[in-house]
*Asks:* 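Dropping the structure in here first, questions after.
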Number of protein chains: 2
Amino acid sequence: VPLTTPSSAASAGAPATVGGFGERELIGRITARLPPPPPWLVVGVGDDAAVVEPERNRLDVMTVDAIVEGIHFDRRFTPPGAIGHRALAVNASDLAAMGAAPRLALLSMVLPPALPIDDFDGVVEGFVAAATQYGLHVIGGNLARSPGALILDVTVTGTAKRRQVMTRAGARPGDEVWVSGAVGSANAGLRALRADEAASAGTCAARFLHPEPRVRLGTLLARNRAASACMDLSDGLAEGVRQLGEASGVGIAIDGASIPIEPDAHAWFTAQGQDVLTEAIAGGDDYELLFTVRPRLKGRLEQALRHGGVPLTRIGVCTTEHAFVVRDAGGGESPLPQGFRHFR
Amino acid sequence: VPLTTPSSAASAGAPATVGGFGERELIGRITARLPPPPPWLVVGVGDDAAVVEPERNRLDVMTVDAIVEGIHFDRRFTPPGAIGHRALAVNASDLAAMGAAPRLALLSMVLPPALPIDDFDGVVEGFVAAATQYGLHVIGGNLARSPGALILDVTVTGTAKRRQVMTRAGARPGDEVWVSGAVGSANAGLRALRADEAASAGTCAARFLHPEPRVRLGTLLARNRAASACMDLSDGLAEGVRQLGEASGVGIAIDGASIPIEPDAHAWFTAQGQDVLTEAIAGGDDYELLFTVRPRLKGRLEQALRHGGVPLTRIGVCTTEHAFVVRDAGGGESPLPQGFRHFR
């Protein structure tokens with residue numbers, strides 16, 4: 001498929017926009033950026049649908065997630081490549097949370113005609129680079145015109161052995177609660193970017209713009225059957241604790257002092273005069289994994305960690321009381337703060 | 001999950017809108033409308049991803065298609081149920097075109113907070129009813145807020161035996177070109193609706209609002225291996241002929257007098273003083289199947305038809321000349337009109 005600039009756009013003098021290109025030209029600009037197709041792809045881009053060979057003796061894990069301009073990203077401070085990266089990363093994170101090995105992605109773009117074609121290319125490049133990084137092959141998608149916002153809606157599938165699938169529903173009272181990496185940087189980074197003071201939050205802005213889903217950790221936990229329940233922290237730690245507890249039918253008591261908070265986020269919230277713990281656990285967009293471990297099966301976690309490389313922290317315990325609380329150093333308890341909500 | 005009206009919306013006095021509900025309440029309104037889960041659904045709605053058992057000895061066929069308010073539908077004259085129906089139907093049509101047996105759907109909705117909750121329910125009901133009609137089970141999806149338009153982005157999968165998959169690329173010179181049903185009604189219906197004169201186009205408005213993908217015909221053609229190539233007519237007959245011919249590396253000569261044009265559309269275009277053939281084949285949104293048949297394997301088509309019930313019409317032939325032409329009754333040839341284009 002030729003990657004030519006059509007005469008309508010070239011003659012205008014202004015930067016070329018998506019609206020000056022035909023659908024097939026835009027598809028060609030995507031396929032030209034894809035790596036060679038994998039052997040299991042029987043029919044790829046260009047027909048009414050893609051056809052793939054399923055993997056033997058494994059289950060399919062499927063999820064879809066959209067990022068919407070003005071809601072999930074702001075084009076004023078989000079480079080095109082970061083938009084594409086995020087659209088893929090938030091989905092790869094859902095696969096990681098289930099313990100699935102990434103397989104394929106479908107990219108559905110809703111495009112404002114005024115989008116510069118260079119930005120379109122940048123979004124696609126960020127998306128394809130992230131897909132390659134996390135082991136997902138882009139096998140198809142859809143392009144539609146948008147009357148307003150730029151939207152990327154992405155479907156991904158992975159595979160997992162039946163006994164290795166991790167859900168949110170497997171935790172029991174007494175199970176330890178663990179979290180990967182550190183939290184708080186996405187919230188601090190986003191707010192610093194919005195205030196046009198990205199540098200004030202150190203590495204947080206970069207972390208917000210370029211989330212790194214824990215794909216390898218998720219598959220390691222699953223393969224070693226180290227976690228009794230698992231989910232990702234796209235809606236923040238507080239909301240995650242609540243959702244995992246509710247799905248499993250347990251309460252959860254978090255040890256406030258143990259929460260791993262990104263040092264740059266800690267410093268930024270402190271400088272803003274805000275409650276560090278609340279801000280770090282109530283904000284969304286940290287793509288860490290929250291999971292539970294049966295104390296007697298802790299050897300499996302150590303097994304998984306040996307190949308990991310991601311810091312993990314024990315932050316609490318599952319309880320029989322159906323309550324979500326934060327314990328302070330003095331032994332006192334306070335209710336878990338509300339987390340990130342999409343609609344209200 | 002409770003389907004209660006939250007106090008914030010109820011107390012306002014105005015009709016409740018999507019923005020007054022939490023994400024989990026909205027998901028609950030969807031799941032409450034779903035039929036019981038199929039046995040192959042291992043993990044359904046409510047976790048980070050859905051988990052399904054693949055079908056043995058079959059390939060997976062996957063496609064995604066979005067419908068966007070202001071581009072693909074107009075809320076002024078499209079009832080909520082018809083919006084939901086369309087979102088599912090356009091995807092089921094892509095499965096039909098590949099000869100796949102429908103399996104599952106993921107529903108991703110981008111919702112303006114001002115959308116009345118009754119309209120939300122209506123969209124979901126239209127979607128679920130269409131899914132049930134065409135044999136697709138809704139296993140998951142995503143909800144996101146929209147800063148503007150209502151968007152439904154739908155991923156569906158089906159399954160097919162390897163040797164039964166129909167692509168656009170299998171036609172050879174000499175193959176006959178066939179089309180199901182009749183064309184032109186969607187174009188006439190849409191334009192009559194836009195002019196606020198739906199009744200003037202007879203059944204066309206209803207046909208535009210409620211497209212019926214040829215799912216049964218697609219699977220019958222595939223099972224009997226009756227078609228050498230196949231695609232759907234979402235972009236119209238002219239564009240379909242061009243795309244099928246280009247994918248197969250053949251030219252196509254259409255017999256203009258043979259094109260089955262919906263009588264109400266014929267009458268409407270005539271009353272508007274427009275060229276009936278051009279309007280009927282250049283307009284999109286007819287969800288018929290266009291397919292090719294090897295003359296010596298025509299017995300298979302008759303076999304498929306015996307269980308069909310959809311009228312089929314032979315409209316042309318594949319040629320070695322790489323041209324797309326319409327032959328008139330006098331033996332003259334004219335170039336095929338341009339079809340529907342998404343971006344230009």
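Every chain is numbered from 1 and lettered A, B, ... according to where its sequence line falls, protein lines coming before strand lines.
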*Asks:* For M231(B) and G240(B), which heavy atoms make the closest approach, and how far apart are they?
*Replies:*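 Closest approach of M231(B) to G240(B): SD-O, 3.2 Å.
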*Asks:* Go through V90(B) and H72(B) one step at a time and tell me if the side chain to side chain contact (heavy atoms under 4.5 Å, CB included) criterion holds.
*Replies:* CA-CA 11 Å; V90(B) 299; H72(B) 305 96; over 6 Å; no
*Asks:* Among the options G70(A), A49(A), A66(A), pick out the one with the most heavy-atom pairs lying under 4.5 Å from chain B.
*Replies:*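 Top count of heavy-atom pairs under 4.5 Å with chain B: A49(A).
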*Asks:* If the threshold is 4.0 Å, N to carboxylate O, is there a salt bridge linking R242(B) and D235(B)?
*Replies:*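 Salt bridge absent between R242(B) and D235(B).
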*Asks:* May I ask you to name which of T63(A), L104(A), I139(A), N142(A) has the most heavy-atom pairs under 4.5 Å with chain B?
*Replies:*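 Ranked by heavy-atom pairs under 4.5 Å with chain B, first place is N142(A).
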*Asks:* Count the heavy-atom pairs under 4.5 Å between each of R162(A), R56(A), E69(A) and chain B, then report the option with the highest count.
*Replies:*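 Top count of heavy-atom pairs under 4.5 Å with chain B: R162(A).
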*Asks:* Any donor-acceptor pair under 3.5 Å linking the side chain of T219(A) with the backbone of A101(A)?
*Replies:*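 No, T219(A) side chain to A101(A) backbone: no donor-acceptor pair under 3.5 Å.
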*Asks:* Do you know which of A169(A), C230(A), G46(A), S108(A) has the most heavy-atom pairs with chain B at a distance under 4.5 angstrom?
*Replies:*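 The residue among A169(A), C230(A), G46(A), S108(A) with the greatest pair count is S108(A).
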*Asks:* Specify the closest pair of heavy atoms between S248(A) and G170(A), including all atoms of both residues, with the distance to one decimal.
*Replies:*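 Where S248(A) meets G170(A) most closely, the heavy atoms are OG-N, 3.4 Å.
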*Asks:* Using non-hydrogen atoms and a 4.5 Å limit, figure out which bit of L244(A) sits close to chain B: side chain, backbone, both or neither.
*Replies:*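 No part of L244(A) comes within 4.5 Å of chain B.
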*Asks:* Examine whether an atom of V52(A) lies under 4.5 Å from a heavy atom of chain B, and if so say whether it belongs to the side chain, the backbone or both; otherwise answer neither.
*Replies:*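 Contact with chain B is through both the backbone and side chain of V52(A).
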*Asks:* Counting only heavy atoms closer than 4.5 Å, note whether T159(A) contacts chain B via side chain, backbone, both or neither.
*Replies:*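 Contact with chain B is absent: no heavy atom of T159(A) under 4.5 Å.
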*Asks:* Heavy atoms only, distances under 4.5 angstrom: which of N91(B), D232(B), V165(B), V110(B) has the most pairs with chain A? Name it, please.
*Replies:*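 Greatest number of close heavy-atom pairs with chain A: D232(B).
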*Asks:* If I measure from the heavy atoms of chain B, does Q243(A) come under 4.5 Å with its side chain, its backbone, both, or neither?
*Replies:*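 It is the side chain, since no backbone atom gets that close.
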*Asks:* Has the side chain of T157(A) got a donor or acceptor atom that lies under 3.5 Å from a matching backbone atom of D60(A)?
*Replies:*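 Side chain of T157(A) to backbone of D60(A): no pair is present.
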*Asks:* Check R168(A) with E239(A), please: is the shortest side-chain N to carboxylate O separation under 4.0 Å?
*Replies:*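 Salt bridge absent between E239(A) and R168(A).
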*Asks:* With a 4.5 angstrom heavy-atom cut-off, could you sort out which part of A50(A) is near chain B: side chain, backbone, both or neither?
*Replies:*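 Both backbone and side chain.
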*Asks:* Which heavy atom of L26(B) sits nearest to which heavy atom of F21(B), and what is that distance?
*Replies:*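 What the structure gives for the nearest pair is CD2-CB, 3.7 Å.
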*Asks:* Please identify, among S93(B), G141(B), G140(B), the residue contributing the most non-hydrogen atom pairs under 4.5 Å to chain A.
*Replies:*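 That would be G141(B).
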*Asks:* Could you check whether any side-chain N or O of T78(A) sits under 3.5 Å from a backbone N or O of I83(A), counting only pairs where one atom can act as donor and the other as acceptor?
*Replies:*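 Answer holds: no.
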*Asks:* Among A100(B), P54(B), A97(B), which residue has the highest count of heavy-atom pairs closer than 4.5 Å to chain A?
*Replies:*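 Of the options given, most contacts go to P54(B).
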*Asks:* With a 4.5 Å cut-off on heavy-atom pairs, point out which of V43(B), I71(B), D48(B) contacts chain A the most.
*Replies:*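 Highest number of pairs under 4.5 Å: D48(B).
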*Asks:* So does R76(A) get a backbone contact from the side chain of D74(A), meaning a donor-acceptor N/O pair under 3.5 Å?
*Replies:*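 Flag set: sc D74(A) to bb R76(A) pair under 3.5 Å.
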*Asks:* What part of V51(B) gets closer than 4.5 Å to chain A, counting heavy atoms only: side chain, backbone, both or neither?
*Replies:*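 The answer is both parts of V51(B).
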*Asks:* Please look at V61(A) and chain B and tell me whether the side chain, the backbone, both or neither of the residue comes under 4.5 angstrom of a heavy atom of that chain.
*Replies:*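 Contact with chain B is through both the backbone and side chain of V61(A).
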*Asks:* Please classify the contact of I67(A) with chain B as side chain, backbone, both or neither, using a heavy-atom distance under 4.5 Å.
*Replies:*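 Nothing of I67(A), per the 4.5 Å heavy-atom cut-off to chain B.
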*Asks:* Report yes or no: does T155(A) contribute a side-chain atom to a donor-acceptor pair with the main-chain N or O of L106(A) at less than 3.5 Å?
*Replies:*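 It does not hold such a pair.
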*Asks:* Taking side chain as everything from C-beta outward and backbone as N, CA, C, O, which of these in R58(A) sits under 4.5 Å from a heavy atom of chain B? Side chain, backbone, both or neither.
*Replies:*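 Just the backbone, heavy atoms under 4.5 Å.
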*Asks:* Under a 4.5 Å heavy-atom cutoff, which of V68(A), V42(A), L107(A), D94(A) has the most pairs with chain B?
*Replies:*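 Highest number of heavy-atom pairs under 4.5 Å: D94(A).
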*Asks:* Please classify the contact between L59(A) and chain B as side chain, backbone, both or neither, with a heavy-atom cut-off of under 4.5 Å.
*Replies:*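 Answer is both: backbone and side chain atoms of L59(A) are under 4.5 Å from chain B.
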*Asks:* Using a 6.0 Å cut-off, check whether atom CZ of R75(A) has over 12 heavy atoms from anything other than its own residue.
*Replies:*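 Buried by this count: over 12 neighbours within 6.0 Å.
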